[in-house]
Amino acid sequence: MSSDALPKIASLRASLTAESTPLPVRFRALFSLKHLAVTAPSHDSPEALAAIEAIAAAFSSPSALLKHELAYCLGQTHNLAAVPYLTKVLEDLAEDPMCRHEAAEALGALGDSGSLGVLAQYRDREGEDVSVKETCEIAIERIEWENSEERKQEKLRQSDFASVDPAPPMPQGEQSQTVDELRKTLMDTTKPLFLRYRAMFALRDLASPPDLPTAVPAVLALAEGFADSSALFRHEIAFVFGQLSHPASIPALTAALSNTEEASMVRHEAAEALGSLGEEEGVEETLKKFLHDKEAVVRESCIVALDMAEYEKSNEAEYALIPEVTA
């Protein structure tokens with residue numbers, strides 16, 4: 001990393017933390033900071049720590065959408081320096097449940113067994129928001145899996161996605177599971193959420209690249225997950241569709257966004273997933289319909305999604321890395 005990284009981080013931090021900066025620019029600044037944190041010379045280098053601190057500084061924002069995205073990005077840094085910031089968000093009962101859920105998920109992604117106590121506390125807390133409880137449950141199982149002997153024995157398919165997911169895909173056995181077998185596990189509410197998530201990410205991997213013979217059947221199997229009773233589960237289906245950017249997911253995503261009775265955490269994720277499909281016919285028109293939605297997080301997601309759609313149609317090489325924008 002070049003010696004000008006610290007001034008660049010300071011400039012991106014100024015953009016990210018200023019409420020006067022347009023939301024799409026703040027998102028681009030955030031993903032730039034995540035990139036700088038991940039590519040820093042080491043986890044304890046000044047650049048890595050400055051980038052993580054810059055991301056965490058924006059938790060003072062009133063935007064639940066932005067704060068949830070900050071937590072997600074901190075969870076993707078592979079850096080335990082993010083743990084105290086995420087723990088603080090999870091412990092703040094005045095914070096939006098969507099942000100607290102994302103903080104718990106990010107702690108799971110970082111895989112530190114030191115987080116098991118706080119995650120168990122909120123999984124078991126009386127009166128806790130159900131999405132936070134469920135996320136803590138999955139995060140605990142992910143950390144336990146990450147540090148288990150079982151993990152060393154598992155053979156996982158090489159994924160096309162670089163993200164650290166809430167659960168790994170199903171392991172490959174002598175025979176790989178079919179789309180239909182995975183769909184049954186995905187929809188079986190008697191099974192632990194962590195196992196159902198493993199089926200979800202295995203289906204995602206069978207849908208990429210999009211010309212695989214299993215791609216469309218896997219997308220349609222995932223779309224059935226929108227019928228699940230858990231808003232957390234439905235929101236994760238939408239997130240996976242955002243990663244896949246497969247046109248076959250557009251009808252299910254459009255239905256989720258258009259359902260004003262649906263939980264805002266699901267609708268917002270559906271909007272962002274549609275943003276990744278911005279060059280497909282009719283997607284921008286759908287997003288524009290919800291720019292004045294009653295839910296702030298949905299409105300803001302549509303603004304960001306339309307910016308993503310613009311990027312998808314342009315020939316820009318990288319969504320995240322922007323010229324430094326001063327606040």
Side-chain angles (χ1 to χ4, degrees), residues 72 75 101-102 104-106 108-109 111 119 123 130-131 133-148 150-210 212-246 248-249 251-253 255-256 263 265-266 269-270 273 276:
Y72 173 75
H101 123 74
E102 201 66 54
E105 188 174 289
L119 288 165
R123 176 196 64 191
V130 67
S131 67
K133 283 175 93 80
E134 288 178 342
T135 305
C136 289
E137 176 195 325
I138 294 167
I140 288 167
E141 290 210 47
R142 192 195 189 289
I143 293 171
E144 288 174 345
W145 172 84
E146 183 81 36
N147 296 287
S148 68
E150 165 203 356
R151 182 202 172 192
K152 295 174 192 163
Q153 311 303 323
E154 286 188 357
K155 186 176 169 219
L156 299 181
R157 179 177 183 265
Q158 184 61 43
S159 177
D160 293 342
F161 303 93
S163 55
V164 185
D165 301 313
M170 290 285 212
Q172 292 185 303
E174 293 302 310
Q175 273 186 304
S176 294
Q177 287 187 291
T178 64
V179 167
D180 198 50
E181 286 166 338
L182 290 167
R183 181 191 63 76
K184 283 180 179 145
T185 304
L186 178 80
M187 299 306 293
D188 187 348
T189 54
T190 65
K191 291 192 170 12
L193 263 176
F194 186 70
L195 186 66
R196 297 176 67 205
Y197 266 50
R198 294 197 74 171
M200 190 188 302
F201 288 102
L203 283 165
R204 176 198 67 183
D205 289 347
L206 288 176
S208 179
L212 275 184
T214 50
V216 171
V219 167
L220 297 177
L222 285 165
E224 290 187 36
F226 278 128
D228 194 79
S229 62
S230 163
L232 181 75
F233 190 86
R234 299 194 302 273
H235 120 290
E236 201 64 37
I237 295 280
F239 173 79
V240 164
F241 279 161
Q243 289 187 305
L244 286 170
S245 302
H246 196 295
S249 67
L253 288 168
M265 74 185 299
V266 182
E269 208 68 70
S276 72

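This is a predicted model, so every value here is computed, not measured. All residue numbers in this chain count up from 1 along the given sequence.
The shortest heavy-atom contact between Ala104 and Thr135 is CB-CG2, 3.8 Å. Scanning both residues, Pro210 and Ala215, for their nearest heavy atoms gives O-CB, 3.3 Å. In this structure, Ala207 and His246 approach most closely via the heavy-atom pair O-CD2, 4.3 Å. Val266 and Ala231 get closest at one heavy-atom pair: CG2-O, 3.4 Å. Phe241 and Val219 get closest at one heavy-atom pair: CZ-O, 3.4 Å. Looking at every heavy atom in both residues, Ala238 comes nearest to Ala270 through CB-N, 3.8 Å.
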Exercise for the section: Any chance you could lay out the side-chain contact (heavy atoms from CB on, under 4.5 Å) test for Asp205 and Asp160, step after step, and finish with the verdict? Expected result: CA-CA 7 Å; Asp205 289 347; Asp160 293 342; 5.9 Å; no
Practice task
For the pair Arg196 and Glu236, evaluate side-chain contact (heavy atoms from CB on, under 4.5 Å) and give the outcome as yes or no after the intermediate values.
Solution key: CA-CA 11 Å; Arg196 297 176 67 205; Glu236 201 64 37; over 6 Å; no
Practice task
Would you please test Glu224 and Ile237 for side-chain contact (heavy atoms from CB on, under 4.5 Å) and show each step?
Solution key: CA-CA 9 Å; Glu224 290 187 36; Ile237 295 280; over 6 Å; no
Problem - Residue pair Leu244, Leu222: steps toward the side-chain contact (heavy atoms from CB on, under 4.5 Å) verdict - result: CA-CA 11 Å; Leu244 286 170; Leu222 285 165; 4.1 Å; yes
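Interatomic distance, OG of Ser163 versus OH of Tyr72, reported as 5.0 Å (0.5 Å rounding). Glu105 contributes atom CD, which lies 12.0 Å from atom CD of Glu134 (distance to the nearest 0.5 angstrom). With values rounded to the nearest 0.5 angstrom, Thr214 atom OG1 is found 13.0 Å from Asp180 atom CG. The distance from the CG atom of Leu119 to the CD1 atom of Ile140 is 5.0 Å, given to the nearest 0.5 Å. A distance of 4.5 Å separates CZ in Arg151 from CH2 in Trp145, rounded to the nearest 0.5 Å. We find the OG1-NZ distance between Thr178 and Lys184 to be 7.5 Å, quoted to the nearest 0.5 Å.
Looking at Arg157 and Pro169, their side chains never come closer than 4.5 Å, going by heavy atoms from C-beta outward. Side-chain atoms of Ile138 and Phe233, non-hydrogen and from C-beta on, never get closer than 4.5 Å to each other.
Using a distance-only test at 3.5 Å, with no hydrogens or angles considered, a donor-acceptor pair links the side chain of Arg234 to the main chain of Asp228. Remark: side-chain polar atoms of Arg142 are paired, donor with acceptor, to backbone N or O of Asp165 under 3.5 angstrom. A distance-only check finds a donor-acceptor pair linking the side chain of Ser276 to the backbone of Gly242 [under 3.5 Å].
Side-chain atoms of Arg198 and Thr185 form no donor-acceptor pair, as typed in the model, at a separation below 3.5 Å.
The existence of a salt bridge linking Lys133 and Glu137 is excluded, since no basic side-chain nitrogen approaches an acidic carboxylate oxygen closer than 4.0 Å.
Every residue meeting the ring-ring contact (aromatic ring centres under 6.0 Å, His included) condition with His235, not counting sequence neighbours, appears here in chain and number order: His101.
Between Phe201 and the options Pro168, Pro166, Ser159, a side-chain contact (heavy atoms from CB on, under 4.5 Å) holds for only Pro166.
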